[in-house]
Amino acid sequence: MRLSAYFLPTLKETPSEAQIVSHRLMLRAGMIRQSSAGIYSWLPMGLKVLRNIEQIVREEQNAINCHEVLMPTIQPADLWRQSGRYDDYGPEMLRIRDRHDRDMLYGPTNEEQITEIFANSVRSYKDVPQLLYHIQWKFRDEVRPRFGVMRGREFLMKDAYSFDLDKESARRSYNKMFVSYLKTYERLGLKAIPMAADTGPIGGDMSHEFLILAETGESEIACHRDFIDMSWSDYEVDFDGDLQPVVDKFTNQYAATDEKRDPEAEKALGEDLITARGIEVGHIFYFGDKYSSKLGAVVTGPEGEEITVEMGSYGIGVSRLVGAIIEASHDDNGIIWPESIAPYRVGLINLRHGDEACTQTCDDMYASLNEAGIDVLYDDRDKKAGAKFADMDLIGLPWQIVIGPRGVKDGIVEFKNRKTGEREEISPVKALNRLKG
RNA sequence: CGGAGUGUAGCUCAGCCUGGUAGAGCACCGUCUUCGGGAGGCGGGGGCCGGAGGUUCAAAUCCUCUCACUCCGACCA
């Protein structure tokens with residue numbers, strides 16, 4: 001993409017409404033604009049990142065035979081009256097009325113909706129277990145939205161739901177999703193630590209939050225040192241096999257968020273204890289027949305008996321992840337995108353807009369990159385070098401190829417790694433091959 | 001929802017206390033000089049000073065109400 005033909009409204013100064021680094025950088029990098037408190041528009045660059053994250057999440061869900069559906073944002077109040085949550089849910093739920101005076105709501109979550117679909121469509125135990133998910137915008141009328149997209153009122157969520165015949169089977173579904181999450185976060189370039197979470201009225205050990213570490217994280221956490229060096233990808237995973245050993249591996253060590261911290265356990269860890277701040281980027285839990293019993297999600301068993309299905313729900317905050325990743329990966333100059341979700345893989349800078357030889361070299365490089373299928377953003381604007389450097393660092397593409405008249409004379413370009421800052425002066429062909437390799 | 005702030009040019013902000021012609025830097029347009037880490041000169045456009053009411057000869061400035069946004073707390077993916 002040529003920057004001269006793109007829409008990338010970057011800001012030199014920080015809008016005063018943004019306090020935390022990810023919010024500031026998202027506004028400055030031209031990724032989002034605020035519409036009202038906690039509600040944002042996504043501009044091309046921000047949308048591209050959002051889509052990239054969404055796609056990785058989607059692929060990992062599909063990989064465990066979790067099937068994508070799409071449920072509405074607007075739901076009928078009657079559905080929620082059946083589960084009893086229409087009254088239980090507070091003012092966080094945005095209630096609206098249609099022209100016929102029917103009570104509707106903008107969904108803060110979709111358990112009722114998916115349970116109704118299942119209840120109306122599945123009759124036999126042979127069609128269970130089942131995993132379904134969707135990626136949809138939700139709305140929670142938070143009293144105090146903040147931190148940009150990390151704590152907005154409108155946000156994009158991946159929500160999966162499992163349906164099983166009994167608790168043992170539900171545990172298998174839970175474990176599947178647990179391990180799938182580890183893989184998903186790793187692909188996103190994140191180290192996410194699973195932590196035991198409140199299980200609510202159901203109890204038991206089947207509820208975990210996934211947190212990534214970031215200095216500006218919203219909650220204080222403590223965990224065993226081992227988590228820092230643990231690589232999730234060291235495990236050959238057979239999703240149809242027994243996943244319990246893998247889950248155990250990641251849940252045996254101590255890890256807790258503020259409200260669940262245990263001074264005794266922490267004392268015992270001694271030197272191995274580390275404390276940090278974390279951002280919650282996922283939450284999975286098992287909730288039994290809470291919704292299935294109320295909404296009639298019942299199947300006929302092998303003996304002709306009626307079985308109320310056991311359910312679980314598994315969320316990943318997709319839009320929140322955009323902010324969370326920036327919190328975990330940035331420097332004074334701007335964002336540093338992990339390669340897997342970067343809006344473009346490489347930024348190409350033409351330092352001298354008017355110079356014929358320089359521009360020719362840039363155009364050739366741009367054509368070669370495109371031919372090689374490498375996603376490139378080409379800064380061909382008539383701007384000062386300094387402005388281009390600053391913008392390129394700000395938007396955080398993993399690689400930069402900088403071409404100026406000085407290098408062109410000697411047949412070299414500058415190849416820069418955004419994360420490490422390392423620069424090499426190499427030939428255009430070599431630069432191309434680095435990215436191909 | 002309690003507490004605290006802020007609303008003046010696209011952005012960052014000064015002016016308000018002590019009422020009297022609405023400002024600066026950046027950005028934008030034109031032009032010249034520049035050209036390897038957010039350049040400089042000259043010229044130019046852009047504002048019902050968040051909104052409503054009040055006090056006054058006169059209100060960005062004082063008073064009342066209201067709306068929006070931000071921060072702290074409680075709550076939360």
Side-chain angles (χ1 to χ4, degrees), chain A residues 9-20 23-24 27-28 30 33-39 57 89-93 107-110 135-160 181 192 197-198 207-212 217-219 257-259 278-285 313-324 332-334 349-355 358-359 379 381-394 400 402-410 412-414 416 421 423 425:
Chain A
T10 56
L11 303 172
K12 196 157 147 188
E13 284 172 289
T14 303
S16 55
E17 78 255 24
Q19 301 300 319
I20 63 160
H23 191 193
R24 290 202 292 254
L27 289 166
R28 288 193 51 213
R33 287 295 182 261
Q34 179 161 319
S35 167
S36 63
I39 302 178
V57 170
Y89 231 97
E92 272 200 347
M93 183 154 77
T109 180
N110 291 73
I135 300 174
Q136 179 62 288
W137 291 93
K138 304 190 169 192
F139 194 91
R140 287 183 198 167
D141 200 355
E142 299 280 347
V143 234
R144 194 185 157 207
R146 60 184 125 171
F147 306 147
V149 298
M150 291 221 297
R151 179 81 184 281
R153 290 195 290 174
E154 190 182 51
F155 53 97
L156 187 63
M157 279 284 285
K158 185 283 295 183
D159 262 301
Y181 270 36
D198 270 332
S207 177
H208 287 88
E209 293 177 352
F210 290 77
L211 285 99
I212 65 172
E218 51 196 337
S219 53
T257 52
D258 4 351
E259 65 277 5
I279 301 168
E280 186 182 344
V281 291
H283 194 168
I284 62 178
F285 53 98
S313 138
Y314 315 86
I316 289 183
V318 178
S319 50
R320 159 176 277 204
L321 269 167
V322 180
D332 288 347
N333 295 323
I349 296 181
N350 180 354
L351 283 183
R352 190 74 67 83
H353 176 262
D355 186 287
C358 184
T359 300
D379 193 343
R381 296 173 302 174
D382 182 10
K383 294 237 177 190
K384 289 273 298 178
K388 294 187 178 188
F389 284 129
D391 268 348
M392 200 54 87
D393 281 348
L394 175 62
Q400 296 176 12
V402 180
I403 301 181
R406 233 156 56 190
V408 167
K409 230 181 289 171
D410 303 330
I412 54 166
V413 302
E414 184 180 299
K416 177 178 156 184
R423 305 154 196 228
E425 308 236 302

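Everything numeric in this text was worked out from a predicted model, so none of it was measured. Chain letters run A, B, ... following the sequence lines, proteins first and then strands; every chain starts at 1.
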Is A:Arg423 touching bases, backbone alone, or none of the nucleic acid, heavy atoms closer than 4.0 Å? base
Pairwise 5' ranking along RNA chain B for A:Pro15 and A:Ile20, keeping only the more 5' one: A:Pro15
Length of the CG-C1' vector between A:Asp141 and B:A77, whole Å: 16 Å
Strictly by Watson-Crick or wobble contacts shorter than 3.5 Å, is anything paired with B:A22, and which nucleotide is it? none
Got a second to check how far A:Ile39's CD1 is from A:Phe139's CZ, nearest 0.5 Å? 4.5 Å
Integer angstrom distance from the P of B:U61 to that of B:C72: 30 Å
Using only atom types and a distance under 3.5 Å, with no angle test, would you say the side chain of A:Tyr181 pairs donor to acceptor with the backbone of A:Ile284? no
Among A:His23, A:Arg146, A:Arg140, which one satisfies side chain to side chain contact (heavy atoms under 4.5 Å, CB included) with A:Arg151? A:Arg146
Has the side chain of A:Arg406 got a donor or acceptor that lies under 3.5 Å from a partner of the other kind on the base of B:C35? no
Would you kindly give the CE-to-P distance between A:Met150 and B:C75, to the nearest whole Å? 19 Å
Separation of B:G40 atom P from A:Lys384 atom NZ, nearest Å, is 9 Å
Sugar-phosphate only, base, or nothing, as touched by A:Gly315 at under 4.0 Å among non-hydrogen atoms: nothing
Check every strand shown and say whether A:Asp355 touches a base, only sugar-phosphate, or nothing at a heavy-atom separation below 4.0 Å. nothing
Which nucleotide in B:C35, B:C76, B:U12 has an atom nearest any side-chain atom of A:Glu218: B:C76
Would you tell me if any nitrogen or oxygen in the side chain of A:Arg144 comes within less than 4.0 Å of OP1 or OP2 on B:C71? yes
Stacking between A:Phe389 and B:G38, defined as ring centres under 5.5 angstrom apart with planes under 30°, is that present or not? no
A:Pro405 side chain: which of B:U12, B:G38, B:G36 is closest? B:G36
Any base atoms under 4.0 Å from A:Gly317, or only sugar-phosphate, or nothing? Heavy atoms, all strands. nothing
To the nearest Å, give me how far apart NZ (A:Lys12) and P (B:A27) are. 5 Å
Closest nucleotide among B:C69, B:C11, B:G38 to the A:Ala387 side chain: B:G38
Taking OP1 and OP2 of B:C72, is either one under 4.0 Å from a side-chain nitrogen or oxygen of A:Arg146? yes
Mind checking A:Gly38 for me? I need base, sugar-phosphate or nothing, with any heavy atom below 4.0 Å counting as a touch. nothing
Decide yes or no for A:Leu27 and A:Glu17: does some side-chain heavy atom of the first lie under 4.5 Å from some side-chain heavy atom of the second? yes
In Watson-Crick or G-U wobble terms, with both distances under 3.5 Å, the base opposite B:A52 is B:U64
Without decimals, in angstroms, what is the distance between A:Leu27 CG and B:U70 C1'? 13 Å
Does B:G47 pair with anything, Watson-Crick or G-U wobble, both distances under 3.5 Å, and if so, with which nucleotide? none
Considering every strand shown, what is the Watson-Crick or G-U wobble mate of B:C69 when both distances are under 3.5 Å? B:G5
Assess whether side chain to side chain contact (heavy atoms under 4.5 Å, CB included) is satisfied between A:Asn110 and A:Gln136, documenting all intermediate values. CA-CA 10 Å; A:Asn110 291 73; A:Gln136 179 62 288; 5.5 Å; no
If we call it a pair only when both distances are under 3.5 Å in a Watson-Crick or G-U wobble match, what pairs with B:U31? B:G41
Nucleotide nearest A:Lys383 when distance is taken to its side chain, options B:C11, B:C28, B:G36: B:C28
Considering Watson-Crick and G-U wobble pairs with both distances under 3.5 Å, what does B:A77 pair with? none
Hey, is the side chain of A:Ser16 poking within less than 4.0 Å of OP1 or OP2 on B:C13, counting only N and O atoms? yes
Whether the side chain of A:Ser319 engages the backbone of A:Leu156 through a donor-acceptor N/O pair (distance < 3.5 Å, no angle test) should be reported. yes
Once you apply a heavy-atom cut-off of 4.0 Å, does A:Ser36 come out as touching a base, just sugar-phosphate, or nothing? sugar-phosphate
Provide the distance between the two C1' atoms, one in B:U55 and one in B:G19, to the nearest whole Å. 11 Å
May I have the distance from A:Asp382 (atom CG) to B:A39 (atom P), rounded to whole angstrom? 13 Å
How is A:Glu209 classified with respect to the nucleic acid when contacts are heavy atoms under 4.0 Å: base, sugar-phosphate, or nothing? nothing
Sticking with atom C1', work out how far B:C48 lies from B:A60, rounded to a whole angstrom. 12 Å
Look at the side chain of A:Arg151 against the base of B:C76 and say whether a donor-acceptor pair falls under 3.5 Å; ignore hydrogens and angles. yes
Could you tell me whether A:Lys416 contacts a base, only the sugar-phosphate backbone, or nothing, with contacts defined as non-hydrogen atoms closer than 4.0 Å? base
Give me the distance, rounded to whole Å, that separates B:G23 from B:U8 when you measure between the C1' atoms they each carry. 10 Å
If the C1' atom of B:A58 is compared with that of B:C13, how far apart are they to the nearest Å? 27 Å
Over all strands shown, is A:Glu17 touching base, sugar-phosphate only, or nothing at heavy-atom distances under 4.0 angstrom? sugar-phosphate
Can a side chain N or O of A:Gln19 be found less than 4.0 Å away from OP1 or OP2 on B:C72? no
Is the backbone of A:Ala37 close enough, under 3.5 Å, to the side chain of A:Arg153 for a donor and an acceptor to pair up by distance? yes
Go through the steps to decide whether A:His353 and A:Thr359 satisfy the test side chain to side chain contact (heavy atoms under 4.5 Å, CB included), and finish with yes or no. CA-CA 7 Å; A:His353 176 262; A:Thr359 300; 5.8 Å; no
Quote, to the nearest angstrom, the P distance that separates B:C16 from B:C62. 9 Å
Expressed as a whole number of angstroms, how long is the span from A:Arg153:CZ to B:A77:P? 17 Å
If you look at every strand shown and take non-hydrogen atoms under 4.0 Å, does A:Gly90 touch a base, only sugar-phosphate, or nothing? nothing
In Watson-Crick or G-U wobble terms, with both distances under 3.5 Å, the base opposite B:C16 is none
B:C67 to B:U21 separation - P atoms, rounded to the nearest Å: 33 Å
Name the nucleic acid region contacted by A:Arg28, choosing base, sugar-phosphate or nothing; use a 4.0 angstrom heavy-atom cut-off, strictly under. base
Starting at CD1 of A:Ile403 and ending at C1' of B:G37, how long is that distance when rounded to a whole Å? 17 Å
SB check A:Asp391 A:Arg381 (cutoff 4.0 Å): yes
